[in-house]
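Quantities reported herein were computed from a predicted structural model and do not represent experimental measurements.
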Number of protein chains: 2
Amino acid sequence: MTHPARRAPRSDARHNRARIVRAARAAFAEDPAAPLHSIAKAAGVGQGTMYRHFPGRQALLLAVYQEEVDALTDTAAGLLAAHEPLEALRLWFEHLTAGRSGGPGASLAVEAVAGTGPTGPGPDRPPAVAALDLLLDAGKAARQVRPDAEAEEVLLLASCLWRADEGPAGLARRRRMLTVIIDGLRVGVGH
Amino acid sequence: MTHPARRAPRSDARHNRARIVRAARAAFAEDPAAPLHSIAKAAGVGQGTMYRHFPGRQALLLAVYQEEVDALTDTAAGLLAAHEPLEALRLWFEHLTAGRSGGPGASLAVEAVAGTGPTGPGPDRPPAVAALDLLLDAGKAARQVRPDAEAEEVLLLASCLWRADEGPAGLARRRRMLTVIIDGLRVGVGH
DNA sequence: ACCTGAACACCGTTCAAGT
DNA sequence: ACCTGAACACCGTTCAAGT
């Protein structure tokens, strides 16, 4: 029995959790190393409360970006219906990168979501990885994507996209880096 | 006058600097987040001394890995003489990745060396970037590498290689990721 | 000119006391 | 069952005093 019928949380607990995530989102947007103290204060909860809900910065970062990343799961199917697999893949990453979700801590979050970060693989497979798998599998079926490509490592490669600078120069750089990744995933270019 | 004839440092200062770097190398090999306190203690110097030489962890990380990364500068020319440009590029990164220099903090260091990390571009262009430029330029001249490839972004892409796990599984993963990068840099694969 | 190490400030984490 | 916030431990950084 993996889920031993856990009772629904009390309403104040749910409220606090939501408040914390909202405060953290605002704080991380400015500075991914924002003190947890100040986040708790901004959320209007005690520090112990925050720690009960999220045992550490990593957990908090994940909760903040999880929603945005998960929202892209649905996008994947739509892109796949309207474009060729590799183009869909490119567009998917462009959404992921260019969206306002691209805060300074997004790279860390993506690694965490991919399960490749310091946390290691989580208990259940993250939806973002599943979405990427969908795109990759379609590409493999169409013989456009190399068969040995794995979702985790593609996400790991893509995580560096967020490390490029902001601004127009960074945008162009990110675009070039994305092109390298997409072309590198293409099948049949081996020397 | 960019170098206003700075006097040679006192011998105890030189010794201390070397001791600090050696202690830091050992400490970072285990844990890139090792406390600076303990590094100073292991080096047998006061904390202020360490701070005088290296104003922060980033500077220390850079000093530790700079040597190893710089050593590869020479390798570039040799590889280029013995192999085709793209193969030389692949081997260069393989050396960079597979060598025992691949501690857990190497990724941060590579980003710092590339000047793409939080530090921003340093005063003088890092030798590693120059070496990579050498390889890329040769590849462009041979019409093997896409003309718009820039050293900084290639290094940024490669920095994720160190984030893969250790062990045989991580090795295979790193190899696949490297293949994607190299093939993505190849010219003339645009859809 | 350089070094020392105590002192300060800051942040993460815990836990006894409360509701 | 959940929350609070003071308290503790830890780490980075500074600086007055020394050589």
Side-chain angles (χ1 to χ4, degrees), chain A residues 3-64 104-105 108-109 112 117-119, chain B residues 3-64 104-105 108-109 112 117-119:
Chain A
H3 285 292
R6 172 172 38 182
R7 289 174 51 87
R10 247 166 47 179
S11 74
D12 55 346
R14 274 191 298 112
H15 266 98
N16 279 335
R17 193 186 189 284
R19 287 177 62 85
I20 292 168
V21 171
R22 211 178 323 146
R25 188 190 311 282
F28 286 154
E30 288 187 6
D31 177 16
L36 300 185
H37 276 108
S38 61
I39 293 177
K41 176 172 256 181
V45 302
Q47 318 196 140
T49 301
M50 191 176 62
Y51 208 74
R52 164 189 298 270
H53 285 289
F54 307 99
R57 158 172 275 110
Q58 187 76 2
L60 198 48
L61 256 173
L62 210 131
V64 166
L108 287 174
T119 36
Chain B
H3 284 292
R6 174 172 39 181
R7 289 175 49 87
R10 244 165 49 178
S11 74
D12 55 347
R14 276 191 298 111
H15 265 99
N16 280 334
R17 192 186 190 286
R19 287 177 62 84
I20 293 168
V21 171
R22 210 178 324 146
R25 186 191 313 281
F28 286 155
E30 288 187 6
D31 178 15
L36 300 187
H37 276 108
S38 62
I39 293 176
K41 175 171 258 183
V45 302
Q47 318 197 141
T49 301
M50 190 175 64
Y51 209 74
R52 165 190 297 271
H53 285 288
F54 307 100
R57 156 172 277 110
Q58 187 76 2
L60 198 48
L61 256 173
L62 211 131
V64 166
L108 288 173
T119 35

Sugar-phosphate only, base, or nothing, as touched by Arg52(A) at under 4.0 Å among non-hydrogen atoms: base

Length of the CZ-C1' vector between Arg17(A) and dC3(D), whole Å: 17 Å

Distance, rounded to the nearest Å, where Leu36(A) contributes CG and dG5(D) contributes P: 17 Å

Distance, rounded to the nearest Å, where His37(B) contributes NE2 and dT14(D) contributes P: 13 Å

Base partner of dG18(C), which must satisfy Watson-Crick or wobble distances under 3.5 Å: dC2(D)

Contact under 4.0 Å: Tyr51(B) side-chain N or O vs dT14(D) OP1/OP2: yes

Contact summary for Gly56(A) and Tyr51(A), nearest pair of heavy atoms: N-CE1, 3.8 Å

Comparing Gly46(B) and Thr49(A) on DNA chain C - which has the more 5′ nearest nucleotide: Gly46(B)

Nearest-Å distance for atom pair CE/C1', residues Met50(A) and dC15(C): 16 Å

Quiz item: Gln47(A) side-chain donor-acceptor pair to dT13(C) base, under 3.5 Å: yes

Atom pair CZ (Phe54(A)) and CG (Leu62(A)), whose distance is rounded to the nearest 0.5 Å: 10.0 Å

Exam field: side chain Arg57(B) to backbone Pro32(B), donor-acceptor pair closer than 3.5 Å: yes

Distance-minimising heavy-atom pair for Ile20(A) and Ala43(A): CA-CB, 3.8 Å

Counter-base of dA7(C), judged by Watson-Crick or G-U geometry with both distances under 3.5 Å: dT13(D)

Spacing between Ile20(A) atom CD1 and dC2(D) atom P, to the nearest angstrom: 13 Å

Asp12(A) side-chain proximity, nearest of dC2(D), dC2(C), dG12(C): dC2(D)

Rounded interatomic separation in angstrom, taking NZ from Lys41(B) and C1' from dC3(C): 17 Å

d(CD1, Ile39(B); C1', dG5(C)) in whole Å: 18 Å

Under-4.0 Å side-chain N/O to phosphate OP1/OP2 contact, Asn16(B) with dC3(C): yes

Contact check, side chains of Leu36(B) and Met50(B), non-hydrogen atoms, under 4.5 Å: yes

d(CD, Gln58(B); P, dG12(D)) in whole Å: 13 Å

5′-ward residue of the pair Gly56(B)/Arg10(B) relative to DNA chain D: Gly56(B)

Phosphate OP1/OP2 of dC3(D) contacted by His53(A) side-chain N/O (<4.0 Å): yes

